[in-house]
A.B. asks: 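Handing you a structure now.
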Protein chains: 2
Amino acid sequence: MIDNCANKMENEGCFMCKERHADWFCNLSPQALVEFETLGMQMTVPAGSTLFFESQTARSVYILCGGHVKLTTSSKDGKTLLVRIAKPGDVLGLSAAISGTVYEITAQAIEPVQVKSFQRQDFLHFIEHHLEGSMHATKMINKEYRDALGDATRLALSMSIAGRVARLLLEMTSGARDAKPRFTMSLTHEELATMLGTTRESITRVLSELKRKEIIAIKGASLTILRKSALELLI
Amino acid sequence: MIDNCANKMENEGCFMCKERHADWFCNLSPQALVEFETLGMQMTVPAGSTLFFESQTARSVYILCGGHVKLTTSSKDGKTLLVRIAKPGDVLGLSAAISGTVYEITAQAIEPVQVKSFQRQDFLHFIEHHLEGSMHATKMINKEYRDALGDATRLALSMSIAGRVARLLLEMTSGARDAKPRFTMSLTHEELATMLGTTRESITRVLSELKRKEIIAIKGASLTILRKSALELLI
DNA sequence: AATCGTTTGTGACGTAGATCACAGCTCTCA
DNA sequence: TGAGAGCTGTGATCTACGTCACAAACGATT
């Protein structure tokens, strides 16, 4: 699944990490952080690799340090829905670890990503013995819950296919402070379609329309957002 | 909002509660339960009352002891979505209490309900000082997250209007072990429509269809589910 | 009982998006 | 360099629902 576990990153760990900010595990108190750091294993995962699959028994928890990971879930009839695109700082697999059951989602790297991985037991042991860590965990799950609820609301109540595409494009570039953010779209229309709960043809039509209106530009795999505000209006 | 806070129930509290089962706060260890019990105030809320509104600052946490409460959330354009129907044993307002922000949903009694209400501070103080309570809280939020995610998946990927109605009817009667559960439907088609993110006419048509197929029977406000399995197939 | 407001039932029609079908592209690989 | 295999683009239906419009049923009030 992860075919280069041995490929440890040569970075300096949480203390030197540029992505650190409040609410992240990587921003615990210094002494807790030292302990926490030793529990996890820093690694790089190539694009396309799956960190874990839905309905698989949860063995690990991951903290995403760099890159984007797509989180999807499936309905009984096999259709797939994009839950969200995880960004650096997100914790993956936390819910499954806490409930002690199976992963509720599938996490797949859409580009080379850096993660810090923890054995489920180590992770739980840590949060159970650090009030600090425990509160972090609770709050993170709480945040995931709120996000999921918000997504559900938008999806169920209004969001057109164009809106879903717009949301995805904005999520892919969130963090970028560019006026006209650009990124490499490494997914086919087919993949986008299953991620957004629609069909390949609809994706093609929406993207064509966005190009026609000069809201986005596509050259090969490179996609540029020309008018972010127009995308936001579609959500 | 709650217009009879003074109306304390004359029940015997958690120790005598028939609804107690694993995973509920009301099933803590005896000594923790004694302390917990004194923090909360048992009360009865009439049908139609709102326990709390979306985007209101969270002041209280409620444990639902009896009756059903509808949990809804709204999109920016004002449309309302049914999140779920809370059942006895559910904790309401926990997420908002933990995040220390606003309620993410609106909780309205759809029949007279019994709740145990806690000041947010008391509740948080309790869970922060009882590992037992803390783990309960974390797991309950986790469960809410998983439920929300499951709902979102079904809503976004497949669920037809008939499916949403079926889900609602099954939720209204969950807990009942009757072969043909019956309950009082106190909501108009109009209300059902906004709750399910659809229109009044569609609700009318779906219910007519279900009656025609003898999956449900309606006499006045009394609704009987004749073939539960047929409803489950629609989801 | 007569009246009015609310709720429910139903037809006619419009629209977004799924489905089907097929044609032009772009890669890869021999 | 040519042949597949998978992508992308686009038209032609089909369908579930939303929207509009109006009639019938029900419940409260006088």
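Remember, predicted model here, so these are calculated numbers, not experimental data. Protein chains get the first letters and strands the later ones, always in sequence-line order, with residue 1 at the start of each.
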A.B. asks: As an exercise, state the distance from OG1 of T72(A) to CD of E191(A), rounded to the nearest 0.5 Å.
C.D. replies: 11.0 Å
A.B. asks: How would you label the contact of L207(A) with the nucleic acid (heavy atoms, under 4.0 Å): base, sugar-phosphate, or nothing?
C.D. replies: nothing
A.B. asks: When the distance from CD of E201(A) to P of dC20(C) is rounded to whole Å, what number comes out?
C.D. replies: 9 Å
A.B. asks: Atom CG of L196(A) to atom C1' of dA18(C): distance rounded to whole Å?
C.D. replies: 15 Å
A.B. asks: Using OP1 and OP2 only, check whether a side-chain N or O of T198(B) sits under 4.0 Å from dC17(D).
C.D. replies: no
A.B. asks: Of the options I225(A), L226(A), L231(A), L233(A), which is the one that meets I215(A) in a side-chain contact (heavy atoms from CB on, under 4.5 Å)?
C.D. replies: L231(A)
A.B. asks: What integer distance in Å separates R212(A):CZ from dT8(D):P?
C.D. replies: 20 Å
A.B. asks: Choosing from dG9(D), dG18(D), dT19(C), which nucleotide comes nearest the side chain of R205(A)?
C.D. replies: dT19(C)
A.B. asks: L223(B) CG to dT8(C) P: how many Å, rounded?
C.D. replies: 12 Å
A.B. asks: Which part of the nucleic acid does T204(B) contact within heavy-atom distance under 4.0 Å: base, sugar-phosphate only, or nothing?
C.D. replies: base
A.B. asks: Give the rounded distance in Å between these two atoms: NE2 of H189(B) and C1' of dT19(D).
C.D. replies: 19 Å
A.B. asks: Nearest-nucleotide wise, let me know which of I161(A) and R200(A) is further upstream toward the 5' end of DNA chain C.
C.D. replies: I161(A)
A.B. asks: What's the verdict on side-chain contact (heavy atoms from CB on, under 4.5 Å) for I216(A) and K211(A), showing C-alpha distance, side-chain angles and the deciding distance?
C.D. replies: CA-CA 5 Å; I216(A) 63 172; K211(A) 274 190 288 188; 4.1 Å; yes
A.B. asks: To the nearest Å, how far apart are I218(B) CD1 and dC26(D) P?
C.D. replies: 13 Å
A.B. asks: How close or far is atom P of dG17(C) from atom CD of E209(A), stated in whole angstroms?
C.D. replies: 12 Å
A.B. asks: Taking side-chain contact (heavy atoms from CB on, under 4.5 Å) as the criterion, tell me which of T101(B), I141(B), I105(B) meets it with R146(A).
C.D. replies: T101(B)
A.B. asks: If you compare every side-chain N and O of S208(A) against the phosphate oxygens of dT10(D) (OP1, OP2), does one of them come in below 4.0 Å?
C.D. replies: yes
A.B. asks: Verify, without hydrogens or angle tests, whether Q108(A) (side chain) and K70(A) (backbone) share a donor-acceptor contact under 3.5 angstrom.
C.D. replies: no
A.B. asks: To the nearest Å, how far apart are K219(B) NZ and dC26(D) C1'?
C.D. replies: 18 Å
A.B. asks: Could you please name the option among dT8(D), dT19(D), dA18(C) that lies closest to any side-chain atom of S202(A)?
C.D. replies: dA18(C)
